[in-house]
There are 2 protein chains.
Amino acid sequence: MRELAPYLRIKEDLLDRVRSGTWKPGDLIPGEQRLAEQFGCARATVHRALRELAEEGVLERRRKAGTRVARPTSRSVAFDIPLVEDEIRATGARYHYELLEREIAPLPPAEAASLERATGTPALHLRCLHFADRRPYQLEDRWIDIDTVPEAVDVDFAAEGANGWLVHNVPWTDAEHSIHADLAAGEIARSLNLTDGDPVLVVERRTWNDKGPVTTVRFHHPGRSHRLRTAFVAR
Amino acid sequence: MRELAPYLRIKEDLLDRVRSGTWKPGDLIPGEQRLAEQFGCARATVHRALRELAEEGVLERRRKAGTRVARPTSRSVAFDIPLVEDEIRATGARYHYELLEREIAPLPPAEAASLERATGTPALHLRCLHFADRRPYQLEDRWIDIDTVPEAVDVDFAAEGANGWLVHNVPWTDAEHSIHADLAAGEIARSLNLTDGDPVLVVERRTWNDKGPVTTVRFHHPGRSHRLRTAFVAR
DNA sequence: CAGTGGTCTAGACCACACT
DNA sequence: GTGTGGTCTAGACCACTGA
């Protein structure tokens, strides 16, 4: 396919009309039938181009009402949140992992709420430290639901990180993420080799299964040095 | 369409086989032809289901090699970064905007690098404060490239925020985002009604046009109270 | 080289939502 | 009611890539 596929050429063409302002937000654009005639192709081909542009948020389509240029409102931004070890190795640094703590303990209120269990329900609690070239890179504080994932109790997590083990052994179906900034203090500061009062970037994640809540985890990163990035994204 | 469209039913069916572990990561699954026979539909219908699952990162497809269950590696997480005013109004709070500063000034080194211009190139510098119910919600520090967007020089930005004006008037084609944590200090702390040393969440964005760099902007949020969230996302 | 996925077509039927 | 988008089909050709 030396030349672009027709539906891709049509996408580009339509996108250019939006980008150049030929078609402005809110404008009604020609129907599929009409565009198919103009481009000299089947309606299905135009349809695919239009459908993908709508999925990307460039157009809005409604039956009978036709297709309009979307009014730019919110735009979703996709961040890659890979396994820490992959992330670290991708930078060329040596990855190293340390298990700080592993216990079955009663869920504290926040984590209980997160897993939708009663406070005090026993769960598997892990604290791990991930190093890049011997420098602390990420502190992981995780609770695993032992009702949903009973087999986790028999894993010692000394060699493989909990994240890796879960990803490879316990498929999840749903996830929720949250990001905020906080200050390093006590344990967290010491583990990350920071001073009390240094900024930390906190990423929280909860995942679910068909069976129920799987895990809730908080990742702490040194705030100034660590960045979450998107790739350079063409719209 | 009371019942799910066939291609959606097929997607669900295939996804279930992955989720349940019937098909494990790395497994080769039947070809389109074969699946079409099994589901009793046209190959194109199966193709669409497979293509969408591949786009979602569940499957990996290669010509001749066939379709395999993807090995879970990095997973991209989509955050919504809407216009502040929409974000604030969505919570039911009253939105209010204040222009703190507007000047044509030479680009500082960091911003110059960001816009791919020489340090000291004149650009439009804006500092704005966004309020939710009279409480400072976000501090915006923006540089607009006046070579790419000369018409911005004639806008006073007293009424409409720069973000809104740009979104509605200057279509962008590419964007890059970065998130990190920092400490409030000086101006930033005062504007956001924080104390020096409080955590702030910083979101940086750069956008481009066909014509060149459009704008680079840094959004500061009170770190403890503000969170970037994903919706509850089913995979 | 051969098999797989990628795409296109022409025609068809349908659901939905405006009028 | 009626026009628009949403989907399916059957068949076809092609490009890529692994064997």
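Convention: sequence-line order gives letters A, B, ...; per-chain numbering from 1.
- Residue A:T45 has a polar side-chain atom (N or O) positioned under 4.0 Å from OP1 or OP2 of C:dT9.
- Applying the Watson-Crick and G-U wobble criteria (two distances, each under 3.5 Å), C:dT19 pairs with nothing in any strand.
- In this entry the distance linking CZ of B:F39 with C1' of D:dC8 reads 16 Å, nearest Å.
- Regarding A:R48, its CZ atom lies at a distance of 14 Å from the C1' atom of D:dT7, rounded to whole Å.
- A salt bridge links A:E176 with A:R206: the closest approach of a Lys/Arg side-chain nitrogen to an acidic carboxylate oxygen falls below 4.0 angstrom.
- The interatomic distance linking B:E60 (CD) with C:dG6 (P) rounds to 13 Å, in whole Å.
- Atoms NZ (A:K11) and C1' (C:dT7) sit 14 Å apart, rounded to a whole Å.
- Rounded to an integer number of Å, the gap from CZ of B:R63 to C1' of C:dA2 is 14 Å.
- When each of A:A65 and A:L8 is assigned the nucleotide of DNA chain C bearing its nearest heavy atom, the one mapping closer to the 5' terminus is A:L8.
- At C:dC18, one or more side-chain N or O atoms of A:R62 fall inside 4.0 Å of OP1 or OP2 (strictly under the cut-off).
- Across C:dC8, D:dC8, C:dC18, the shortest atom-to-atom separation from the side chain of A:Y7 is found for C:dC8.
- A straight line from CZ of A:R68 to P of D:dT4 spans 13 Å, rounded to a whole angstrom.
- Shown here is B:R62, whose CZ atom has no more than 12 heavy atoms of other residues, nucleotides or ligands within 6.0 Å.
- A sub-4.0 Å separation between OP1 or OP2 of D:dG6 and a side-chain N or O of A:R61 is present.
- Annotation: A:R89, atom CZ; neighbour count of heavy atoms from other residues, nucleotides and ligands within 6.0 Å is above 12.
- For A:R43, no side-chain nitrogen or oxygen approaches OP1 or OP2 of C:dA10 to under 4.0 Å.
- Closest-nucleotide positions on DNA chain D for A:L50 and A:A44 were compared, and the one nearer the 5' end corresponds to A:L50.
- Phosphate proximity of D:dG5 to A:H47: absent, as no side-chain N or O sits under 4.0 Å from OP1 or OP2.
- Counting to the nearest Å, the P atom of C:dG5 and the CD atom of B:E52 are 17 Å from each other.
- One interatomic measurement links the two molecules: CD1 of A:I10 to C1' of C:dC8, which rounds to 10 Å at whole-angstrom precision.
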Next item on the list: Report the C-alpha separation of A:R17 and A:D13 in whole Å, then their side-chain angles, then the decisive distance to 0.1 Å, and conclude whether the salt bridge (charged side-chain N to carboxylate O under 4.0 Å, His left out) test is met.
Entry: CA-CA 7 Å; A:R17 299 191 205 179; A:D13 191 312; 2.9 Å; yes
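- Ion pairing between a basic and an acidic side chain is recognised when a charged N comes within 4.0 Å of a carboxylate O; A:R205 and A:E140 show no such pairing.
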